[in-house]
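Fair warning: this is a prediction, and the values are worked out from it, not measured in the lab.
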Amino acid sequence: MLDQKYKRGLLNQIFSAISKGSQRRKLRELVHVSGGKTPSMSNSLYWNGDIVWISSKDMKSSRISGSELKITNLALNEMTLYHPGTLLLVARSGILKHSLPLAILEVDATINQDIKALQVHGCNAFYLYYAILSQEDNIIRTLVKTGTTVQSLMMDSFLNIEIPTPDIDLQQSIIDKLAKLEKYVDVQEEELSLLSQMRNGLLQQLFI
């Protein structure tokens, strides 16, 4: 069945091939990393506003354009506002046991303390998104540590991973092809899910 593990495998193969003919740079050379925080939950003047505030539970897709909770302009005075094109990474969560939530921000937003913002320079942000995910299995296996209550990403080591960086035109070409491939895989997943539902419904009818 086509799933996230299958996608990761495809990305790993593709970027392994790209690496053979490209310059490699450490991730820390391509991004500026910063974080966020949670405004006081006890202060009602900070909440139910219009400003997006991203937590790990909002990191469910590759593109982020909203959040369950929103903050007010008053709370924003204590926060950093990040802009579209910023990569958001879950750096502290139990989900790091098995996956590395990474997304591209599509709106102005703030983040909480479990998220890291990667502001990209010298590289296409969409290309870097795919490049990081191509190393997801290795990152989870070697760069995630278990604390007393939850897993966390060893950020200093994470920023030392090497990223193949071909010229910007080739990066765009790779992005275009990967976007088409990702869409194809998503369609296949939807069709398989529908077939599975139909099968389960038929079996249920047969045994009533």
Side-chain angles (χ1 to χ4, degrees), residues 3-8 11 27-28 30-44 46-120 125-126 128-161 163 182 185-186 189:
D3 55 15
Q4 294 301 317
K5 186 175 182 179
Y6 179 80
K7 291 181 184 179
R8 292 198 301 265
L11 286 175
L27 180 58
R28 67 174 65 254
L30 303 172
V31 299
H32 172 72
V33 182
S34 51
K37 66 178 184 178
T38 300
S40 174
M41 289 288 188
S42 63
N43 190 339
S44 61
Y46 285 168
W47 298 96
N48 299 316
D50 299 318
I51 299 164
V52 174
W53 178 76
I54 305 295
S55 68
S56 56
K57 62 185 176 183
D58 298 307
M59 297 281 289
K60 298 175 181 177
S61 66
S62 60
R63 307 290 186 269
I64 300 294
S65 58
S67 61
E68 289 188 22
L69 298 177
K70 292 183 173 63
I71 62 172
T72 63
N73 281 306
L74 182 62
L76 181 61
N77 291 332
E78 302 178 6
M79 305 288 289
T80 299
L81 188 68
Y82 297 103
H83 304 298
T86 302
L87 297 186
L88 301 183
L89 171 73
V90 175
R92 183 178 179 276
S93 171
I95 199 172
L96 291 170
K97 290 179 182 178
H98 55 78
S99 61
L100 184 73
L102 180 70
I104 299 172
L105 188 60
E106 294 188 324
V107 296
D108 288 339
T110 57
I111 59 178
N112 82 348
Q113 64 276 5
D114 294 334
I115 310 292
K116 293 296 183 183
L118 309 182
Q119 295 169 287
V120 184
F126 290 87
L128 188 58
Y129 164 81
Y130 287 116
I132 293 172
L133 284 187
S134 74
Q135 301 187 45
E136 182 175 13
D137 287 342
N138 184 59
I139 291 169
I140 293 170
R141 186 173 61 253
T142 63
L143 302 181
V144 173
K145 64 179 178 180
T146 300
T148 54
T149 58
V150 72
Q151 281 68 31
S152 60
L153 189 62
M154 295 183 284
M155 285 303 299
D156 194 58
S157 297
F158 171 70
L159 292 172
N160 282 330
I161 67 171
I163 303 294
E182 191 173 37
V185 171
D186 288 341
E189 284 186 311

Would you say that more than 12 heavy atoms from the other residues, nucleotides or ligands in this model lie under 6.0 Å from the CG of Asn77, or not? yes

Over all atoms of both residues, closest heavy-atom pair of Val52 and Ser67: CG1-OG, 3.4 Å

Ignoring hydrogens and geometry, is there a side-chain-to-backbone donor-acceptor pair from Arg28 to Ile161 under 3.5 Å? no

Could you list all the salt bridge (Lys or Arg N to Asp or Glu O under 4.0 Å) pairs where at least one residue sits in residues 103-115, not counting sequence neighbours? Arg92-Asp114

Residues forming a side-chain hydrogen bond (donor to acceptor under 3.5 Å, both in side chains) with Ser65, sequence neighbours excluded: none

Got Ile54 and Asn112 here, is their nearest side-chain heavy-atom distance under 4.5 Å? no

Residue pairs fulfilling salt bridge (Lys or Arg N to Asp or Glu O under 4.0 Å) with at least one residue in residues 46-59, sequence neighbours excluded: Lys57-Glu68

With side-chain contact (heavy atoms from CB on, under 4.5 Å) as the criterion, how do Val31 and Gln119 come out once you've worked through the C-alpha distance, each side chain's angles and the decisive distance to 0.1 Å? CA-CA 5 Å; Val31 299; Gln119 295 169 287; over 6 Å; no

Just how far is it from atom CD1 of Ile51 to atom CG of Leu69, taken to the nearest 0.5 Å? 13.5 Å

Which heavy atom in Ser93 sits nearest to a heavy atom in Val150, and how many Å separate them? C-CG2, 3.3 Å

Enumerate the salt bridge (Lys or Arg N to Asp or Glu O under 4.0 Å) contacts for residues 70-91, please, sequence neighbours excluded, ordered by first and then second residue. Lys37-Glu78

Tell me, do Val144 and Met154 make a side-chain contact under 4.5 Å, heavy atoms counted? no

Strictly distance-based, threshold 3.5 Å: is any side-chain N or O of Gln151 a donor or acceptor partner for the main-chain N or O of Lys145? no

Between the main-chain N or O of Asn138 and the side-chain N or O of Thr142, is there a donor-acceptor pair closer than 3.5 Å? yes

Taking only residues two or more places apart in sequence, or in another chain, which ones meet Ala75 in a side chain to side chain contact (heavy atoms under 4.5 Å, CB included)? Pro39, Tyr46, Ile71, Thr72

How about Leu88 and Leu102: do any of their side-chain heavy atoms sit closer than 4.5 Å? no

Using side-chain heavy atoms (C-beta onward) and a distance below 4.5 Å, is Ser55 in contact with Ile115? no

Verify side-chain contact (heavy atoms from CB on, under 4.5 Å) between Leu81 and Leu76, making sure each step is shown before the conclusion. CA-CA 8 Å; Leu81 188 68; Leu76 181 61; 4.1 Å; yes

For a 4.5 angstrom cut-off between non-hydrogen side-chain atoms, does Leu105 reach His83? no

A side-chain contact here means heavy atoms from C-beta on lying under 4.5 Å apart; do Phe158 and Leu27 qualify? yes

Would you please say whether a donor-acceptor pair under 3.5 Å links the side chains of Glu136 and Ser99? no

Considering non-hydrogen atoms only, spot the tightest contact between Ser34 and Tyr82 and give its length. OG-OH, 2.7 Å

Can you find a heavy atom in the side chain of Ile104 that is under 4.5 Å from one in the side chain of Ile64? no

How many angstroms lie between OG in Ser62 and CG in Leu87, if you round to the nearest 0.5 Å? 11.5 Å

Flag side-chain contact, heavy atom, 4.5 Å: Ile140 against His98: no

Considering non-hydrogen atoms only, spot the tightest contact between Ser157 and Leu143 and give its length. CB-CD2, 3.6 Å

Does Trp47 offer a backbone N or O that forms a donor-acceptor pair with the side chain of Trp53 under 3.5 Å? no

Residues 128-135 side chain polar contacts: donor-acceptor under 3.5 Å, at least two apart:
{"unit_1": "Tyr130", "atom_1": "OH", "unit_2": "Glu182", "atom_2": "OE1", "d": "2.9"}
{"unit_1": "Ser134", "atom_1": "OG", "unit_2": "Ala131", "atom_2": "O", "d": "2.6"}
{"unit_1": "Gln135", "atom_1": "NE2", "unit_2": "Glu162", "atom_2": "O", "d": "2.8"}

Nearest 0.5 Å, what's the CD1-CG distance between Ile95 and Leu100? 9.5 Å

